[in-house]
Every structure is written in structure tokens, then in C-alpha cells.
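Worksheet for the structure shown next.
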Amino acid sequence: MGARVAFLRRNCSHYLGKEYGKADERWLHSDPTIVSLELLTVVLDGILALVLVYAIVKDKHYSVSGDSGGLTAPASPSPVPPVLTPTPPPRRARVRYPAMVDVGKWPLFTLLGAQEVSSIRQACVFGTSANEAIYITQDDEVFVFGLNCSNCLGTGDSQSTMVPKKLDFLRGKKVVSLSYGSGPHVLLATEGGELFAWGHNGYSQLGNGTTNQGVSPILVSTNLQNKKITQVACGSHHSLALTHDGEVFAWGYNNCGQVGSGATANQPTPRRVTNCLQGKVVMGIACGQTSSMAVLDNGEVFGWGYNGNGQLGVGNNGNQLTPCRLAALQGLCVLQIASGYAHSLALTDEGLLYAWGANTYGQLGTGNKSNQLSPVHIMAEKERGEGEWPAVGSKRTRENTEEAWHRETDRIVEIAACHSTHTSACKTQSGQVYMWGQCRGQSIVLPHLTHFSCTDDVFACFATPSVMWRLLSMEYDDFLTVAQSLRKEFDSPETADLKFSVDGKYIHVHKAVLKIRCEHFRSMFQSHWTEDTKEVIEIDQFSYPVYRSFLEFLYTDNVDLPPEDAIGLLDLATSYCENRLKRLCQHIIKRGITVENAFSLLSAAVRYDAEDLEEFCFKFCVNHLTEVTQTAAFWQIDGNMLKEFICRASRCGAFKN
């Protein structure tokens, strides 16, 4: 047992110190109030985890093994603790919890109910004012809602809708890629490699050979027979599609050569982009408003189309009618590219970030607002003076700035930009998210550390318009926070070490949790009460719903009871001196007061000395005096209280004509 306790203490302390250190590092870049709360949360979570895990392991003898279902120690130079051989009890099915992505940060999704939101697997907010949305459910059903500009919802009509409408044509088709233009028009690629399009089509950006609006999804097939589409990208009014074989097809508006055909005539149907891409394998594509980018499997980057702000990164500002290689990135292996309205970002396999193009809002992150015709390495600003940005190929850039990058921060793992915004964002390996560019009207000229957990949140809260820069996927994993673990283990016979018997029903709990969360139980289990030695404790002064709700509150901080039962819980909270629970009960009662129960609630407030609640119920009774005096509760009340109510109401002038 001593070895197990030491093991738990060492690893929980290791985790606590690690998390405390992370929060401490963010202190210099953060709001002190937020950081103080964060540090407090880390400390409390660490203490709670240590005590809870110790209590459970003490009685349940879980084995320590390399299996993901067992308790495992993190990598550490410390000796590995002894293996506990007793076999653990059968495990229940693992619960899957959503990742920390909240579609509710986009105002449109506040129109949906909780059940609808919980069914979402993928989602995208788009449109010139972020007024349209599409989402795919766990059952692969596609829904749309919003303003419906240019028939971009694909519902078959031009009517806007606040209520989600199902696109039956796409039912059951797993979506792998989605993009949208400025019209807007929408492209969608399925797992089977099919390509669908709808919406604005004034420049043949739907690829169906016409300029008629696409009121419903159409299958784009011209020149794409036997081609499996894996990725799509939209500019303002042109479209790109990437095939499984690494080929790029383009169509639509071509006034600046963004289709890559070598001319400036619009392209009504998909056409393969060749020239310098002939025989090469493309791994990723991106579109600015009127420009196109591609990254190859060998890490080379090509650009074509409009280049007035240097967004192609070729060293000049002349338009390119065919793909042109970015020579300035020679020797670097680019993994990801992203295009904003008129700027571009590139991420290398070493986690280095480069930017070029328009910089009116500071979207390049260089510390100034000067456009860049060639890629510059950013987020290494402390190594050189402000505004000093040497060419990418220089020795100083390759050595000094990379050294500064690794010293000052950790590597970047994701970059984000969108053709309809001037905002940029990135995420580092440690989970830090930075943003820069146009952020809620402000020009942020250097990467700014945020409190967000993902780059998507930057666009939800700070981009103009607040669109999504990619098809957002609700990823799921098996990780549980301390709070989620506690919630899951409430009333669990498998891990509990104590039972309460109320009205003949059992409630399974953990002594450690009760002692941590409630002073009443701390005294009970530490002061040699007779209950401390019992495996089952009988409760006869409270009902089962009330006592179960109280115990669940200790695990979850939540109370879900009707007002009538909340009265009993208010009594319990008063008896156990649980002031926060008492306030929650009063809040529930206030929300649920009606003419029928008002006088009963008033009586309860008086009985439990809840002054604020008493005043609230009294005013409600006076305001609805005629109706309240006709209820059964009014005439069943204690005579003394009835007299007191009448006298008090009289003093308030309730009986004046």
C-alpha cells in the first residue's frame, strides 16, 4: 500500500507542478485575474484528483499496467512502481466526450436547441456576413439555415430560414471537405470522391457549364469522371478541386489568371491545372479572393492568379496566369498553406511559419503594415529590431531566427486564414493559440497570445465576418477531466465505498469526495461518529429525490429539481449549512413560482429563514392577491402565519380600493 500511495503522490504532484508551470508561463501575456483563477483551478483539481484516486485505489486495488485501461505512470526518471497484480473489476463501456470546440461561439448556432447541437459532427458558418450555416449530423444528414443569399443554402428556393432544413440529396454521404466563395457558392466533397456544388454561379464557379444559379446541390462531373476528389477550395468566384492522385482542377472566374489556364477567359467547367504542375503530386490547395496556391508532396509551393499585393510570394506584384514556384522557399519543406483575402501563410515541417502578401491590417505578423512580396519568417521578432525583416534565403534568417524561435516558443503545428478575412492565427505544439491581423476592427501587427484552445475560436470571436476558416469537425476522444470523472462516478456501485439508504433505495458515493466537498461529512468521517464505521447509512429525515439531488450536487455543482422538491433541498441545505446550495435552491424556487404554489413557497421561505426568498414570494402573493387567496394552499396554511401575512399585506396597502 505504501508503494501505491507514493506512486500516486509522485505522479499527481508531477502533473500539478507541470500544469502550474504552464499557467505561470502565460502570466506575462494574460489578464492577471484570469490567470489567478486558472492557477486556483489547477491547484484544486490536483488536490481533488490526488485524494479521490487514493481513496478509490485504496479499496479497489486496480492494477498498474501498460494497457490504456489501467493506471499508468508518465515518463519519468523515477523508478517504476511495483506492479499490482490483483485483477481489476470488469470495466464499463467507455464514455466519449466531445473535444473543446463550441459551435455556440458562432451566434447563428444559438438558434439551435441543445439536442440539435449535440447531434452535430461537422459544421461551417459562411457568407458575406456570416449569416449562413451548414452542419452534418452523426447520422450523416446535412442541414442548412440562415439568410440564403444567392441560393447558397441549396434548399431549392431563395427563402431564408431560421429553422434548419435538411438537404435530402446529400443524405448519407460522408463529407470530407467543404469550402465556400463570396457569392457565396458552396463546394462539397464526399468520402466517395464525389463533388457537389450550389449557390452563386455568375462566373460558372459551380462548374456545370452555365451561369444559372444553383438552387440545389448538383453533381459536378465534367472532366472528373473516375476522379476521386479529396479536397476543395473556393476563392471569391473561382473553384479548385484536388484529386486522390494529386491533380488540381480549376474553374470559374479567371480575370487575373486564378484558374491557371494561361489566359484570362472564364472557365465554365473543371479544367486540369498543368504547366509547371504537370507530373507533380499536389498535397494541398488554398484560395485567396482571386489567387490560388498549391503545396506539393516534396514541400514546394506554387501560386497563380492575382498578385497585386504580393500574395503569390514570387518576389514581384505581377499577376501569374499559370502556376509559379515560390523560389524564396527553396530548401524548406512546406506542409500546410493558408490564404487570407490577399495574404498567404506557410507552415514547414520544422514548425516554422512564413507569411507574405497584403499587410494593411498587420495580417502578416511582421510588426508593421508593409506588404511583403516574398515570404518572411515570423514569430521570431525578439532576435532582431522592429521592422528588420531580412530575405528568407539569408544566412541570418536561416540560423539566427530559427534559434530564436526554438528558444522563445515552441513549434507551430497549425496555421489558419480565410479568403474572406484579413485575420491570421496559429496553434503551437503546447496548445497556445495566437492571432493577428484584423481583429474586431483592431490591427494587431504581431502575433498575440490568446486564451483560446483552438484557432477556430479566433475566427468565431475576432474575424470580420466571423466565418469558419475550415469545415469544423467535432472530434471525440476518451479523455476525462477531473470534473467529468467525478460526474461519471456518482452513484457508481463499481467504485463506491459507501451507500446511503433513502426510502428503501441505495445511493452509491465515495467518502473522499464527500469529505472534500461538505463540512458535515468531513466531521462525520473524521470525528469518530458511528456512521464512520458503517457501509450503509440510513437517512429518514429527507426524501430520496431530495437527498440524491444533494449528493449529486457535491459531484457536479448542479441542481435539477422542481420548485416543490427544491423546498426540501432548501431544508437540507439549511441543516447542513451549505450556503451555496441554499442560494441555488432559492433561485430554482423563484424561477418556478406560480399562483398555485406561491403561498406554500412563502411558508417554506419563512420556515427556513431564507429572507430574500421570503421577500420575493411575499411580493408575488401581493401582486396576485386575488388568485392566491383562492388556492387550497392559502387556506391550509397555519393560522398564525395567515394572520401575519394579512397584517403585512395590509401595511403594504394591498387591501386599498
Does some side-chain heavy atom of [Y] sit less than 4.5 Å from a side-chain heavy atom of [X]?
| X | Y | answer |
| --- | --- | --- |
| L187 | S239 | yes |
| V103 | V125 | no |
| L170 | F196 | yes |
| P164 | L112 | yes |
| C324 | C276 | no |
| E132 | L153 | yes |
| Y361 | T464 | no |
| Y253 | Q205 | no |

### Task
Would you please indicate if the ring centroids of H419 and Y180 are separated by under 6.0 Å?
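H419 vs Y180: aromatic centres under 6.0 Å.
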### Query
After noting the C-alpha distance and the side-chain angles of R470 and D456, does the key distance pass the salt bridge (charged side-chain N to carboxylate O under 4.0 Å, His left out) rule?
CA-CA 8 Å; R470 61 177 170 184; D456 305 280; 2.8 Å; yes
Side chain [X], main chain [Y], donor-acceptor under 3.5 Å:
| X | Y | value |
| --- | --- | --- |
| R440 | C461 | yes |
| N359 | S370 | yes |
| T450 | V433 | yes |
| T230 | L242 | yes |

### Those residues that, when tested against A355, pass side-chain contact (heavy atoms from CB on, under 4.5 Å) (two or more places apart)
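With sequence neighbours excluded, A355 shows a side-chain contact (heavy atoms from CB on, under 4.5 Å) to L345, L364, I378, given in chain and number order.
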### Query
Can you name the residues that form a salt bridge (Lys or Arg N to Asp or Glu O under 4.0 Å) with E194, not counting sequence neighbours?
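Partners of E194 under the salt bridge (Lys or Arg N to Asp or Glu O under 4.0 Å) test: K173.
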### Task
Describe, in one word, how the ring planes of Y135 and F145 are oriented to each other, choosing from parallel (under 30°), tilted (30 to 60°) and perpendicular (over 60°).
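Aromatic pair Y135/F145 classed perpendicular.
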### side chain to side chain donor-acceptor pair (under 3.5 Å) contacts touching residues 325-349 (sequence neighbours left out)
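Found R325-Q330, H343-S424.
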